[in-house]
J.: 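The structure follows.
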Amino acid sequence: MRHLLSAADLDRDAALRVLDTAEQMAATQQREIKKLPTLRGRTVVNLFFEDSTRTRISFEAAAKRLSADVINFSAKGSSVSKGESLKDTALTLEAMGADAVVVRHGASGGAHRLATSGWINGSVVNAGDGTHEHPTQALLDAFTMRHHLVGQREPGAATGEDLAGRKVTIVGDVLHSRVARSNVLLLHTLGAEVTLVAPPTLLPVGVQTWPCATSYDLDSALEGADAVMMLRVQVERMNAAYFPSAREYSRRYGLDARRLRLMAEHTIVMHPGPMNRGLEISADAADSARSTIVEQVSNGVSVRMAVLYLLLAGSDDVDGGTA
Ligand code: NCD
């Protein structure tokens with residue numbers, strides 16, 4: 001495949017190929033010298049029109065550890081703030097010979113536009129488009145779940161195992177979350193059973209057609225869950241009051257010490273970051289032994305190495321090399 005725009009671009013085999021390749025990348029990251037020569041001479045551009053900490057740094061680290069040249073472009077401080085269009089920005093990147101463009105854009109469909117416009121020849125990786133999708137986040141989340149919930153593995157073992165029958169509860173601001181949508185799609189592909197829990201105001205129209213269950217009751221949705229993923233309340237995307245007060249939100253949809261005790265012993269607590277501590281997640285929950293939040297960040301580097309490798313390193317392609 002040439003681009004990674006949506007978690008739905010990946011069928012089960014392609015998704016497992018990314019996860020298994022990421023296992024191998026993770027094994028190389030245990031070595032003293034972490035850098036591989038694989039993408040020497042290739043150029044990866046990080047094109048960020050929206051703020052990001054983890055995703056941007058982790059794509060940069062991933063590309064550098066594969067020896068690619070990396071150009072970081074953030075809209076702040078560039079000619080975008082002078083009104084330059086996505087098209088002119090893309091043409092500039094093309095002139096610089098980008099083999100891959102990792103793009104985060106505030107508009108849903110931004111990455112798709114870049115990939116299908118004909119403005120650039122390289123691969124496009126969606127690093128978050130508006131409230132739509134964030135496929136590499138879903139991949140790193142699945143990678144993290146596989147580590148904790150599917151047997152015990154040695155780093156580097158390519159397993160081919162999916163998440164069949166694992167129960168994942170995703171909680172909070174689903175309406176504004178590209179992480180939730182990409183996770184639902186990928187987890188469904190991998191055989192997991194997903195329940196979304198949110199107040200009715202924070203569930204998107206049409207959620208009934210998504211391949212998952214929905215609930216308004218967090219306590220009951222914690223029972224039997226293997227993983228509980230908390231979503232950030234995205235205040236910057238809220239133009240209205242979606243819930244009565246922060247306190248009321250935390251009481252009904254926040255993960256706190258009492259709710260931690262309702263979970264099974266093996267259940268992991270996830271969050272894509274950045275967290276609103278005290279709102280959707282309490283410090284006890286975020287810092288508990290069952291939290292994988294920091295691990296998710298380091299897994300992000302291995303997974304993004306795998307994605308860049310599979311998109312750029314010739315015929316060994318995520319969909320079997322037909323691109
Ligand atoms: C997420 C994002 O930007 O979509 N963060 C991330 O990539 N780690 C989630 C969020 O902003 O809440």
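Bear in mind that the values here come from a model prediction, so they are computed numbers and not experimental data.
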J.: Heavy atoms only: give me the nearest G165-D226 pair and the separation to one decimal.
T.: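 Closest approach of G165 to D226: O-OD2, 4.3 Å.
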
J.: Would you call R146 and D20 a salt bridge, using N to O less than 4.0 angstrom?
T.: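 Looking at R146 and D20, the cut-off is met.
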
J.: Can you name the nearest heavy-atom pair linking G172 to A198, along with the distance?
T.: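 So the minimum-distance heavy-atom pair works out to O-CB, 3.1 Å.
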
J.: Side chains of H266 and R290: do they bring a donor and an acceptor to under 3.5 Å?
T.: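 Not at all, the side chains of H266 and R290 share no donor-acceptor pair under 3.5 Å.
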
J.: Does anything in residues 195-212 form a side chain to side chain donor-acceptor pair (under 3.5 Å)? List the pairs, not counting sequence neighbours.
T.: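 As it turns out, there is no side chain to side chain donor-acceptor pair (under 3.5 Å) pair with a partner in residues 195-212 once direct neighbours are skipped.
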
J.: Side-chain contact, heavy-atom cut-off 4.5 Å: L255 with V171?
T.: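 Counting from C-beta outward, L255 and V171 never come under 4.5 Å.
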
J.: Do the side chains of S67 and L39 get nearer than 4.5 Å, heavy atoms only?
T.: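 Heavy-atom side-chain distance check fails, nothing below 4.5 Å.
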
J.: Are any of the side-chain heavy atoms of T21 and V18 separated by less than 4.5 Å?
T.: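 The answer is no, as the side chains (C-beta and beyond) never meet within the 4.5 Å cut-off.
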
J.: Does R12 come within less than 4.0 Å of D162, counting only side-chain N to carboxylate O?
T.: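 The answer is yes: the pair qualifies as a salt bridge.
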
J.: With a 3.5 Å cut-off and sequence neighbours excluded, list the donor-acceptor pairs that the side chains of residues 267-278 form with protein atoms.
T.:
| residue | atom | partner | partner atom | Å |
| --- | --- | --- | --- | --- |
| T267 | OG1 | A225 | O | 2.8 |
| T267 | OG1 | A264 | N | 3.4 |
| T267 | OG1 | A264 | O | 3.2 |
| H271 | ND1 | G273 | N | 2.8 |
| H271 | NE2 | E280 | OE2 | 2.8 |
| N276 | ND2 | V233 | O | 3.2 |
| N276 | ND2 | E280 | OE1 | 3.1 |
| R277 | NH1 | D287 | OD1 | 3.3 |
| R277 | NH1 | D287 | OD2 | 3.0 |
| R277 | NH2 | D287 | OD1 | 2.9 |

J.: Is it the case that the side chains of T136 and R304 hold a donor-acceptor pair, with the cut-off being a distance below 3.5 Å and no angle test?
T.: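 Judged by distance alone, the side chains do pair up.
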
J.: Per the side-chain contact (heavy atoms from CB on, under 4.5 Å) rule, which among L310, L308, L139 passes with L4?
T.: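 Filter result, single survivor: L139.
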
J.: Quick one: pull up CD in E295 and OG in S298 and give me the separation to the nearest 0.5 Å.
T.: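 So the CD of E295 and the OG of S298 are separated by 6.5 Å.
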
J.: Should the pair R178-E50 be classified as a salt bridge under the 4.0 Å nitrogen-to-oxygen rule?
T.: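 A salt bridge links R178 with E50.
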
J.: Is the closest side-chain donor-acceptor distance between R237 and T131 under 3.5 Å?
T.: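 Judged by distance alone, the side chains do not pair up.
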
J.: Is the count of non-hydrogen atoms from other residues, nucleotides or ligands lying under 6.0 Å from R252 atom CZ greater than 12?
T.: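 No, because the 6.0 Å sphere around CZ of R252 holds 12 heavy atoms or fewer from other groups.
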
J.: Look at the rings of Y242 and H176 and say which category their plane angle falls in: under 30° parallel, 30 to 60° tilted, over 60° perpendicular.
T.: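 If you compare the ring of Y242 with that of H176, the planes turn out perpendicular.
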
J.: Taking atom types as modelled, find out whether D217 and S215 have a side-chain donor-acceptor pair closer than 3.5 angstrom.
T.: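 Per modelled atom types, D217 and S215 side chains form no pair under 3.5 Å.
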
J.: Side chains of D141 and Q137 only: does a donor on one sit below 3.5 Å from an acceptor on the other?
T.: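 Side chains of D141 and Q137: pair found under 3.5 Å.
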
J.: Tell me the closest heavy-atom pair linking L190 and A142, and the distance in Å.
T.: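 In this case the closest contact between L190 and A142 is CD1-CB, 3.8 Å.
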
J.: Would you call E133-R181 a salt bridge at under 4.0 Å N-O?
T.: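 Salt bridge flag = no for R181 with E133.
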
J.: With no hydrogens and no angle check, just 3.5 Å: does a side-chain donor-acceptor pair link S108 and D129?
T.: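 Looking only at side-chain atoms, D129 and S108 do not form any donor-acceptor pair under 3.5 Å.
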
J.: Which atom names give the shortest non-hydrogen contact between A180 and I170, and what distance separates them?
T.: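 Between these two residues, the closest heavy atoms are CB-CG2, 4.3 Å.
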
J.: Identify whether the distance between the nearest side-chain nitrogen and carboxylate oxygen of R259 and D219 falls below 4.0 Å.
T.: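 Answer for the salt bridge query: yes.
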
